[in-house]
Amino acid sequence: MFSSALTAENQKLQQLAAQPESDNSINTVERILQELDGLQSYQAKLNQCQTILADATAALELLEFQADEELEQELQTNLAQLNRSLEECELEQSLSGPCDKNGAYLIISTVRDDLDAQDWVLMLLKMYGRWGYNQGYRVMLVEDSPATDRGINPATLAIDGRYAYGYLKSETGVHQLKRKSPFNITRKLRTPATVEVLPMYVQLEIPQQDLEIILPPRNLNCNGVKIWVRIVHIPTGISAISNQERSQLQNRERALAVLTSKLFAIMQRQGVQQLADIQVDRLKTALNQQIREYQLASDSANQGKVLDLRTGIQTTAVADVLDGKIDSFIKAGVLLKN
């Protein structure tokens, strides 16, 4: 019965998602797709657990009659996989915040305007993007502002899927890179970058008169390439930009969605209920906490390491971390926040 209910809800969401794009805003379509992905993922996990249990039961029955080393090894592998699935479900149960099931926007930036800082922003963008792909989430670039041929600053990434925000919210803060500069080998640098994680699909009414819509100059838009849109919330000065969608209308919707998420997150951090109550002088406070250091190997005697300053979790597998293998840090951060 439970499986039938999931199937019915799945079909309903697929019909909604298949409606013409003009019938739905970007925010609405993506919320539907997120719920659809969530249901399909949950159904797949349920089916997988049922299959593993059935196989394990059959294997145990056979082993009662005759020893079989290969079958016993297969049983151990299946039980380990089942245990991992149960641990994932248990971890998700701890994600009980009002937005934890939502997708997430990640805004990565640095105050420094040099090659090393811009390169570090690009490295973090790739790290989180690969993590998202590995989780089976939808990963979309919202904004990239190329600073040089080697880096960007800032960048906004959308990672859309069930519990993406719950998993990633503890990543908010300062990520510091320690390395010899690849652009100037005589320099050893500490390069900070700020990661801000925001929940997608939040509901917040923003008065139209409080918004300033900034578009590219007409003479730059004649070839259809420059279709970025920047939206500023005038009372706070907070802004968001989108330059990756196919049309200016879509970029406008995306920029407004990111801006709404930014303002919502600020209100949550400051514990206020109204936009008018946001304290502008406290906007950066929550983003200044240093949470992780990434030390790249400088020579054969120093293999490098990544250290989480809050949980003490560390690893020398720096290349793996930068390739998106950050589950140990993510899980520790979830447990820390909850």
* Asked: Could you give the distance from CG (D308) to NE2 (H175), rounded to the nearest 0.5 Å?
  -> 8.5 Å

* **Cluster overlap Y133 with L157, hydrophobic side-chain contacts below 4.5 Å** => yes

* To do: Check V334 against G166 and note the closest heavy-atom contact, atom names and distance.
  => CG2-O, 3.8 Å

* Backbone of V197 reached by a side-chain donor or acceptor of K169 within 3.5 Å -> no

* Asked: Could you walk me through whether K126 and L322 pass the side chain to side chain contact (heavy atoms under 4.5 Å, CB included) check?
  -> CA-CA 8 Å; K126 291 178 178 178; L322 294 176; over 6 Å; no

* To the nearest 0.5 Å, how far apart are OH in Y165 and CG in N102? -> 9.0 Å

* Structure fact -> The ring pair (Phe, Tyr, Trp, His ring centres under 6.0 Å) partners of F329 (sequence neighbours excluded) come to none

* To do: Pick out which of L141, T156, L106 makes a side chain to side chain contact (heavy atoms under 4.5 Å, CB included) with L125.
  => L141

* Structure fact -> Heavy-atom nearest pair, F264 first then C99, reads CE2-SG, 3.6 Å

* Asked: Can you check whether Q176 reaches K178 side chain to side chain, under 4.5 Å on heavy atoms?
  -> yes

* To do: Verify side chain to side chain contact (heavy atoms under 4.5 Å, CB included) between V142 and Q244, making sure each step is shown before the conclusion.
  => CA-CA 5 Å; V142 175; Q244 297 296 311; 5.6 Å; no

* Asked: Once you round to the nearest 0.5 Å, how far does OH of Y128 lie from CD1 of I159?
  -> 8.5 Å

* Pairwise distance CD1(I238) to CD1(I278) - rounded to 0.5 angstrom -> 7.5 Å

* To do: Report yes or no: does N243 contribute a side-chain atom to a donor-acceptor pair with the main-chain N or O of D144 at less than 3.5 Å?
  => yes

* Could you pull out the closest heavy-atom pair between G129 and V139, with the gap in Å? => O-CG2, 3.8 Å

* Any side-chain heavy-atom pair from E171 and W131 closer than 4.5 angstrom? -> no

* **Check: I107 and V258 side chains under 4.5 Å, non-hydrogen atoms** => yes

* Asked: Do K101 and L95 come within less than 4.5 Å of each other through their side chains, counting heavy atoms only?
  -> no

* Going through the distances and angles, do W120 and I108 end up as a side chain to side chain contact (heavy atoms under 4.5 Å, CB included)? -> CA-CA 10 Å; W120 180 219; I108 307 169; over 6 Å; no

* Mind checking what makes side-chain contact (heavy atoms from CB on, under 4.5 Å) contact with D116, not counting sequence neighbours? -> R112, D114, R179, S181, P182, F183, R187, L189, T191

* Structure fact -> dist R130:CZ -> I326:CD1 (nearest 0.5 Å) comes out at 12.0 Å

* Asked: Please walk me through it: do K305 and E293 pass side chain to side chain contact (heavy atoms under 4.5 Å, CB included)?
  -> CA-CA 8 Å; K305 69 177 180 179; E293 290 183 349; over 6 Å; no

* Asked: With ILVMFWY side chains joined below 4.5 Å, transitively, what does L307's cluster contain besides itself?
  -> L309

* Asked: So do the side chains of L275 and L204 get within less than 4.5 Å of each other, counting heavy atoms only?
  -> yes

* Asked: For the side chain of R310 and the backbone of L336, is there at least one donor-acceptor N/O pair under 3.5 Å apart?
  -> no

* **Minimum heavy-atom distance A104-M200, with the two atoms named** => N-SD, 3.4 Å

* If two hydrophobic side chains count as joined below 4.5 Å and joins carry through other members, does L79 share a cluster with L60? -> yes

* To do: Measure across L124 and A193 and return the closest heavy-atom pair with its distance rounded to 0.1 Å.
  => CD1-CB, 3.7 Å

* **Flag side-chain contact, heavy atom, 4.5 Å: L211 against L256** => yes

* Asked: N251 side chain to E245 main-chain N or O, any donor-acceptor pair under 3.5 Å?
  -> yes

* Mark yes or no for whether T236, through its side chain, and V280, through its backbone, hold a donor-acceptor pair below 3.5 Å. => no

* Asked: Linking I/L/V/M/F/W/Y whenever any side-chain heavy atoms sit under 4.5 Å apart, do I213 and L263 land together?
  -> yes

* Asked: Which value, rounded to the nearest 0.5 Å, describes the distance between N78 atom CG and T57 atom OG1?
  -> 11.0 Å

* hydrophobic_cluster_shared for I291 and V174, side chain cutoff 4.5 Å -> no

* Do V121 and Q118 come within less than 4.5 Å of each other through their side chains, counting heavy atoms only? -> no

* Least distance between heavy atoms, A255 atom then S242 atom -> N-CB, 3.8 Å

* Heavy-atom neighbours of K325 NZ exceed 12 at 6.0 Å -> yes

* Side-chain contact, heavy-atom cut-off 4.5 Å: Q295 with V318? -> no

* Is it the case that Y167 and Q135 place a side-chain donor and acceptor less than 3.5 Å from each other? -> no

* How about Q209: does its CD atom have over 12 heavy atoms from other parts shown lying under 6.0 Å from it? -> yes

